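This report refers to the structure that appears directly beneath it.
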Amino acid sequence: MALVSYSSSEDDEGETTEPPGRFLPPLPPPTTVLRMFQDREDDEGLDDRTKHGGRIRSFTHERGNWATYVYIPFQPQDEFLDLVDELLSVAAEHGVFLTKMSEFHISQSQTVVLRHHWINPFIESLKDKLHCMYRFLCIADRIKVYTNQEKTRTFLGLEVSVGSEHLLEVVSEVDQSLKEFNLQTFYEEPSFHMSLAWCVGDKAGKLEGSCLVELQKVIDRFEDSDILTRFNAEEIRCKAGNKTFCIPLL
């Protein structure tokens with residue numbers, strides 16, 4: 001988005017000289033100056049639903065606010081993606097058409113809003129609290145349906161069955177950093193999970209019951225599913241706008 005804009009109206013057509021006393025408009029800023037603000041303009045994410053599949057923003061966008069969240073990344077094997085595709089096929093048979101997540105992770109915070117000048121201090125606070133934590137094993141193998149608080153989106157996810165106690169330790173430290181900036185902490189009784197796919201609207205009723213039983217059977221019967229659904233948590237990440245910060249675990 002340009003910092004300044006000028007009209008290309010018919011007033012400019014056919015005029016080659018400026019009348020006496022008329023001031024020329026100021027020149028646009030140099031490209032180097034515009035680039036200084038490019039990240040701040042682009043990565044805040046204007047509320048354009050056409051850019052994110054019709055999803056509705058959970059909070060009102062304001063210039064200078066950066067959507068921020070903390071998470072543990074999961075790097076899937078190709079076979080894991082095949083498993084997700086099979087789950088989506090079963091959901092489609094029950095009339096729910098889901099979109100696969102572009103990346104997979106386990107959330108360690110809610111999505112909060114950070115002012116631009118808070119980002120670096122917040123990251124430093126996280127590093128101070130998390131840098132001494134050790135890596136740990138996670139297994140996410142129980143299918144579960146989730147909706148966001150506004151009931152505008154439905155998610156199909158894998159709930160964590162091993163590693164929850166370590167995740168709670170991470171959340172406890174992340175919450176301390178959030179409190180320092182008067183930001184909302186994580187849920188009191190979190191259901192740690194990895195979202196696999198999503199759709200617009202509240203489709204929980206269609207996915208639960210017999211559909212959920214079928215979905216769990218797909219996981220239980222899938223070859224090497226016990227290996228595909230386990231991983232070592234080796235780092236904590238924080239994403240603010242389009243910037244991602246990594247905090248490695250010991």
Side-chain angles (χ1 to χ4, degrees), residues 52-56 58 69-77 79-111 136-172 174-175 184-233 236-237 239:
H52 40 77
R55 290 173 289 175
I56 299 172
S58 298
Y69 60 97
V70 181
Y71 63 98
I72 295 175
F74 171 72
Q75 304 297 335
Q77 301 179 39
E79 293 83 358
F80 181 85
L81 300 178
D82 294 338
L83 170 59
V84 175
D85 288 338
E86 197 166 327
L87 293 171
L88 267 56
S89 296
V90 172
E93 293 173 0
H94 288 260
V96 181
F97 300 93
L98 298 161
T99 299
K100 189 189 305 180
M101 304 296 291
S102 58
E103 61 178 31
F104 303 96
H105 66 261
I106 297 176
S107 295
Q108 299 291 274
S109 78
Q110 300 189 58
T111 299
F136 54 91
L137 173 69
C138 275
I139 299 178
D141 57 1
R142 297 189 297 228
I143 198 74
K144 195 167 181 178
V145 179
Y146 299 88
T147 59
N148 63 347
Q149 292 180 347
E150 298 79 15
K151 304 292 185 181
T152 57
R153 278 177 282 167
T154 301
F155 299 87
L156 189 65
L158 288 176
E159 187 178 33
V160 171
S161 59
V162 173
S164 294
E165 65 280 7
H166 297 292
L167 294 171
L168 283 171
E169 291 178 13
V170 174
V171 166
S172 177
V174 173
D175 277 353
Q184 188 173 15
T185 56
F186 207 42
Y187 308 105
E188 288 188 10
E189 297 181 1
S191 171
F192 294 114
H193 66 280
M194 176 167 53
S195 293
L196 305 176
W198 66 276
C199 67
V200 174
D202 184 359
K203 306 295 182 182
K206 288 187 175 181
L207 288 172
E208 292 171 342
S210 60
C211 179
L212 202 62
V213 173
E214 288 184 47
L215 292 169
Q216 187 63 55
K217 287 181 180 178
V218 169
I219 295 172
D220 295 339
R221 294 171 182 172
F222 198 86
E223 184 177 3
D224 294 331
S225 65
D226 57 332
I227 297 175
L228 298 175
T229 56
R230 68 169 57 210
F231 70 100
N232 286 317
I236 310 297
R237 292 184 185 178
K239 188 167 186 178

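Note that the structure is a prediction, hence the values are computed from the model and not measured.
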Taking atom types as modelled, is there a side-chain donor on Asp141 or Ser161 under 3.5 Å from an acceptor on the other?
->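 Present: a donor and an acceptor within the cut-off.
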Any sub-3.5 Å donor-acceptor pair from [X]'s side-chain atoms to [Y]'s backbone N or O?
X      : Y      : answer
Asp85  : Leu87  : no
His166 : Ser164 : no
Thr111 : Tyr69  : no
Thr154 : Gly201 : yes
Asn148 : Lys151 : yes
Ser225 : Arg221 : no
Arg142 : Val160 : yes

What class does the angle between the rings of Phe74 and Phe80 fall in, given that below 30° is parallel, 30 to 60° is tilted and above 60° is perpendicular?
-> perpendicular
Minimum side-chain heavy-atom gap Tyr146-Glu159 below 4.5 Å | yes
Heavy atoms of other groups near Glu165 CD, more than 12 under 6.0 Å = yes
Member of Ser172, Ser107, Cys138 meeting the side chain to side chain contact (heavy atoms under 4.5 Å, CB included) criterion with Leu167 = Cys138
Could you give the distance from CD1 (Ile139) to CG (Leu158), rounded to the nearest 0.5 Å?
->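 Answer for the CD1-CG pair, Ile139 versus Leu158, is 12.0 Å.
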